[in-house]
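Model, not experiment: these values are computed from the prediction.
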2 protein chains.
Amino acid sequence: MTVMETTPTRTDLCGAPPHPHRRPEGEDSYTISEVVAFTGLTAHTLRWYERIGLMPHVDRSHTGQRRYSNRDLDWLDLVGKLRLTGMPVADMVRYAELVREGDHTFGDRFELLEATRRDVLTRIAELQDTLAVLDRKISFYADADGARAYEAEKVR
Amino acid sequence: MTVMETTPTRTDLCGAPPHPHRRPEGEDSYTISEVVAFTGLTAHTLRWYERIGLMPHVDRSHTGQRRYSNRDLDWLDLVGKLRLTGMPVADMVRYAELVREGDHTFGDRFELLEATRRDVLTRIAELQDTLAVLDRKISFYADADGARAYEAEKVR
DNA sequence: TATGGCCTTGGAGTGCACTCCAAGCAAGCG
DNA sequence: CGCTTGCTTGGAGTGCACTCCAAGGCCATA
């Protein structure tokens, strides 16, 4: 990848209101510690992501230090979101590989995204189910005196 | 895609048996392998839960084998749900300890449940955010031929 | 010139949540 | 009786996702 960006702004769809700390295209060259500050990841983790093939080739300064671009930050945003879904890092690496391999992996990538989407829907449903259980327990506790609170432990 | 609209049939307050495999009170004595079949956990994990204090004292047969009750199954259901929220096992152990300690931990338990509830809401929000990103990417892929699909990698 | 800060590397270590192992006991069956 | 099946135990091992370490390079300020 690393093809030159042509879109003048990424705030294209859905009015993405995203990242106040970003510099405009052409000046988007962030040190690792800046990226640490932006993403909440550690420098260790950023270097590790690169080692395992989860980052798409980060630029270097003339002294060999990493210089991250806005594109890299975008990618890390996506990775962060996928991480929240519980997707294993290995699967994200697989996706990164597909992107690196070029257009002919289009179908695979599409499938991977759709499978992930289904997983996310399932997880949301599970969490809503859990929420219902919690709410039921909480209302027992809220209504009850001590003795009844103990009873609350008996119901699912 | 496994549509799981929240079924209203789960509003079982101290009543309807939600688990077809359960036996009535008084005959609720399950071997570890039955519990494995019901919960999807392994026997190893069940024993490990007990060792770390996550199970509230499981009965034994005259030969020393574990005999789980409906209450134990209820507890495992709760544990399973909490596990789905990403709650660390150590926190669940803490909750189990509070229950064992009796009524005077009422307040602590209530707080723990409410904190968990807030976490779950946060997680659901995060997942919905992720879902929006995925949907956006997927629609790029769905609309696009190969060349455009490549472009889709450029947007957050 | 030296001090401190930020960065680099490969490899080793950590914490969590299991997961498995070896050795052994008890019950049921032919 | 031996065989199989199912269960028991403490402790060791596994896989994942980091997390840290030691040793050193670069460079701006004092």
Side-chain angles (χ1 to χ4, degrees), chain A residues 21 29-55 57-69 72 75-97 116 119 123 126 130, chain B residues 29-55 57-69 72-73 75-97 116 119 123 126 130:
Chain A
H21 46 66
S29 174
Y30 310 94
T31 65
I32 199 168
S33 57
E34 284 175 304
V35 178
V36 164
F38 299 164
T39 62
L41 298 167
T42 70
H44 298 301
T45 301
L46 286 168
R47 289 191 274 259
W48 178 68
Y49 277 0
E50 216 174 313
R51 253 193 282 176
I52 64 174
L54 187 50
M55 284 302 297
H57 197 93
V58 177
D59 259 18
R60 297 298 178 118
S61 72
H62 69 105
T63 57
Q65 294 185 192
R66 286 171 183 80
R67 294 292 179 258
Y68 291 84
S69 68
D72 296 328
W75 177 256
L76 285 170
D77 270 352
L78 176 64
V79 165
K81 294 242 182 300
L82 293 179
R83 214 163 42 108
L84 287 176
T85 71
M87 179 187 275
V89 167
D91 290 5
M92 290 189 260
V93 171
R94 175 80 193 119
Y95 185 75
E97 280 166 2
T116 304
D119 286 352
R123 277 188 98 70
E126 286 169 347
T130 302
Chain B
S29 174
Y30 311 93
T31 66
I32 199 166
S33 59
E34 285 175 304
V35 178
V36 164
F38 299 164
T39 63
L41 298 167
T42 70
H44 298 300
T45 301
L46 286 167
R47 287 191 276 258
W48 177 69
Y49 277 3
E50 216 173 313
R51 250 192 284 177
I52 63 175
L54 187 50
M55 285 300 297
H57 197 93
V58 177
D59 259 19
R60 297 297 178 118
S61 73
H62 69 104
T63 57
Q65 294 186 193
R66 287 171 183 79
R67 293 294 179 260
Y68 292 84
S69 68
D72 295 329
L73 261 39
W75 178 255
L76 285 170
D77 270 352
L78 177 63
V79 165
K81 293 244 183 298
L82 293 178
R83 214 163 43 107
L84 287 175
T85 70
M87 179 187 275
V89 167
D91 290 4
M92 291 190 259
V93 170
R94 175 80 192 118
Y95 185 75
E97 280 166 1
T116 304
D119 285 352
R123 281 191 102 68
E126 286 169 347
T130 301

With sequence neighbours left out, the residues meeting salt bridge (Lys or Arg N to Asp or Glu O under 4.0 Å) with Arg60(A) are Glu50(A)
For Phe38(B), which residues count as a ring pair (Phe, Tyr, Trp, His ring centres under 6.0 Å) partner, sequence neighbours excluded?
-> His21(B), Tyr30(B)
Contact check, residues 48-55 of chain B vs DNA chain C, heavy-atom distance under 4.0 Å, returns Trp48(B), Tyr49(B)
Thr116(B): partners by side chain to side chain donor-acceptor pair (under 3.5 Å), with sequence neighbours left out | none
Nearest 0.5 Å please: distance from the CZ atom of Arg51(B) over to the CG atom of Leu46(B).
-> 12.0 Å
Report the residues that fulfil salt bridge (Lys or Arg N to Asp or Glu O under 4.0 Å) with Arg94(A), sequence neighbours left out, ordered by chain and then residue number.
-> Glu97(A)
With heavy atoms under 4.0 Å as the rule, sort Arg60(B) into base, sugar-phosphate or nothing.
-> sugar-phosphate
Under the salt bridge (Lys or Arg N to Asp or Glu O under 4.0 Å) rule, collect the residues that match up with Glu126(B), sequence neighbours excluded.
-> none
Point-to-point distance, once rounded to the nearest 0.5 Å, from CG of Leu82(A) to OH of Tyr95(A) | 8.0 Å
Within the distance-only criterion (no hydrogens, no angle test), does the side chain of Trp75(B) pair as donor or acceptor with the backbone N or O of Leu54(B) below 3.5 angstrom?
-> yes
Using heavy atoms to find the nearest nucleotide of DNA chain C for Gly86(B) and Arg47(B) separately, return the residue whose nucleotide is more 5′.
-> Gly86(B)
Tabulated below should be each protein N or O lying under 3.5 Å from an N or O of nucleotides 23-29 of chain C; please produce it.
none

Spacing of CG belonging to Leu78(B) relative to CZ belonging to Arg83(B), to within rounding of 0.5 Å = 12.0 Å
What are the 5'-most and 3'-most nucleotides of DNA chain D lying under 4.0 Å from any heavy atom of chain A?
-> dA17(D) to dC27(D)
In terms of the nearest nucleotide of DNA chain C, which residue is placed more toward the 5' end: Pro88(B) or His44(A)?
-> His44(A)
Look at the side chain of Thr39(B) and the backbone N and O of Val35(B), then say whether any donor-acceptor pair between them is shorter than 3.5 Å.
-> yes
Which is true for Arg66(B) with a 4.0 Å heavy-atom rule: it touches a base, it touches only sugar-phosphate, or it touches nothing?
-> sugar-phosphate
The side-chain contact (heavy atoms from CB on, under 4.5 Å) partners of Ser33(B) (sequence neighbours excluded) come to Thr31(B)
Contact residues, residues 31-42 of chain A to DNA chain C [heavy atom, < 4.0 Å] | Thr31(A), Ile32(A), Ser33(A)
Which residues satisfy the side-chain contact (heavy atoms from CB on, under 4.5 Å) test with Asp119(A), sequence neighbours excluded?
-> none
Residues passing the side-chain contact (heavy atoms from CB on, under 4.5 Å) test with Arg47(A), sequence neighbours excluded, are Ile32(A), Ala43(A), His44(A), Arg66(A)
